[in-house]
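Notes to accompany the following structure.
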Amino acid sequence: MTRARTAPRLIATDLDGTLLCAGGTVTARTAAALAAAEAAGVQVVFVTGRPPRWMQQVSAHIGGHGVAICSNGGAVVDVRRGELLESFPLAADTALAVVEALRAKLPGTAFAFEYPAGFAREPGYEVPMWGEDVDHPIGPAEELLGAGGPVRGLFKLLAKHPDLDPDKLLSQAREAAGQLAEITRSAPIPLLEISAPGVTKASTLARWCAGHGIDRSQVVAFGDMPNDLEMLAWAGTAYAVANAHPQVLAAVPLHTVSNEQDGVAAVLEELLQLS
């Protein structure tokens, strides 16, 4: 692990697989490091693929600003107030074009939808996730996204295949529909995460930093999966945790220990000279 070369003004960290341990927990060491960073005047911004409705679990650890970038850049949320501050939605007609392209290229793919009012899915989309045991709309994509359907302001389109290798699924999906939208992945299963063209963790983080007078050279970022790559490339200093996807480990020169060993906290302690 190598120390960042510039004093940071902002820490941008992914959550699952990076900051959080198994089960989505924040250790006492990590919580203390985040609090120390904020006390030192360093903003901490969570930049996650999670939808806004999954953020309450970490609300106690968010910085004084209370803001997180969710859905791979599709939403900016005041976590404590439960308020959507800004969003960059995938247009319904574009989403339907992506659905059609992926159905043609990857038969058996089923779709789900994250939007301000909640979650909706096709009948064939069966991925157990937090909160999906509550009532939510179920139907074909055409009905859910159509004029009379419930999905409005789509943060993220999810595409699940029954059996393809996750990396092969991503590659083939980008071939089929990469010109229509941003397609990435963060789960260990064959599940794609699809955002509006140009909308990534990096694009929304850059917008946040610009609004706060923070240059990219003053940002230290952490991640573990392909959906973090744009953010890690944009930040002035970037770290991959030891458990990261091989593509991320190859792309990011600086590494820290795994999420289970408090990899983010280890770097923050060094930056803030807490250890």
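Below, all heavy atoms of this structure are taken into account, side chains as well, without hydrogens, waters or symmetry copies.
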Would you say [Y] and [X] are linked by a side-chain donor-acceptor pair, where the criterion is simply a distance under 3.5 Å?
X: T27; Y: D262; result: yes
X: T18; Y: D224; result: yes
X: D228; Y: H245; result: no

Is there side-chain contact between P51 and C70, with at least one heavy-atom pair below 4.5 Å?
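A side-chain contact is absent here, since even the closest heavy-atom pair is not under 4.5 Å.
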
Does some side-chain heavy atom of L19 sit less than 4.5 Å from a side-chain heavy atom of T30?
yes

Taking side-chain hydrogen bond (donor to acceptor under 3.5 Å, both in side chains) as the definition, give me every residue that meets it alongside [X], ordered by chain and number, with sequence neighbours left out.
X: Q43; value: W208
X: E230; value: none
X: E86; value: R207

Kindly check if the number of other-residue, nucleotide or ligand heavy atoms within 6.0 Å of NZ (K168) is above 12?
no

Short side-chain to backbone donor-acceptor contact, [X] and [Y], under 3.5 Å:
X: T204; Y: K201; result: no
X: S71; Y: G73; result: no
X: S203; Y: G198; result: yes
X: K156; Y: G49; result: yes
X: Q218; Y: L10; result: no
X: R216; Y: G236; result: no
X: H161; Y: G108; result: no
X: R121; Y: Y125; result: yes
X: T48; Y: R50; result: yes
X: Q273; Y: E270; result: no

Looking only at heavy atoms, what is the nearest atom pair of [X] and [Y], with distance?
X: L145; Y: A92; answer: O-CB, 3.8 Å
X: V248; Y: G223; answer: CG1-O, 4.4 Å
X: S258; Y: A242; answer: N-CB, 3.7 Å
X: G17; Y: V241; answer: O-CG2, 3.5 Å
X: A173; Y: I183; answer: O-CD1, 3.6 Å

Contacts of A101 that satisfy side chain to side chain contact (heavy atoms under 4.5 Å, CB included) - sequence neighbours left out
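A101: side chain to side chain contact (heavy atoms under 4.5 Å, CB included) contacts with A177.
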
Using the side chain to side chain contact (heavy atoms under 4.5 Å, CB included) criterion, which residues pair with P137? Sequence neighbours excluded.
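P137: side chain to side chain contact (heavy atoms under 4.5 Å, CB included) contacts with Y115, A120, L144, P150.
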
One pair to check against side-chain contact (heavy atoms from CB on, under 4.5 Å): V252 and Y239. What are the steps and the verdict?
CA-CA 6 Å; V252 180; Y239 291 85; 5.5 Å; no

Is it true that [X] and [Y] have a side-chain N and a carboxylate O under 4.0 angstrom from each other?
X: R81; Y: D78; value: yes
X: R29; Y: E269; value: yes
X: R53; Y: E114; value: yes
X: E122; Y: R103; value: yes

Starting from the C-alpha separation in whole Å, work towards a yes-or-no answer on side-chain contact (heavy atoms from CB on, under 4.5 Å) for L158 and F111.
CA-CA 5 Å; L158 299 163; F111 299 90; over 6 Å; no

Inter-residue atom distance [X].[atom1] - [Y].[atom2], 0.5 Å rounding:
X: M225; Y: D14; atom1: CE; atom2: CG; answer: 9.5 Å
X: N227; Y: N72; atom1: CG; atom2: CG; answer: 4.5 Å
X: N243; Y: Q261; atom1: CG; atom2: CD; answer: 9.0 Å

Aromatic rings F119 and H136: how do their planes relate, parallel, tilted or perpendicular, breaks at 30° and 60°?
perpendicular

The test is side-chain contact (heavy atoms from CB on, under 4.5 Å); show your working for D167 and R185 and say whether it passes.
CA-CA 8 Å; D167 287 324; R185 59 171 288 256; 2.6 Å; yes

What's in the same ILVMFWY side-chain cluster as F155, cut-off under 4.5 Å, chained through other members?
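When side chains under 4.5 Å apart are linked, the cluster holding F155 also contains V77, L84.
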
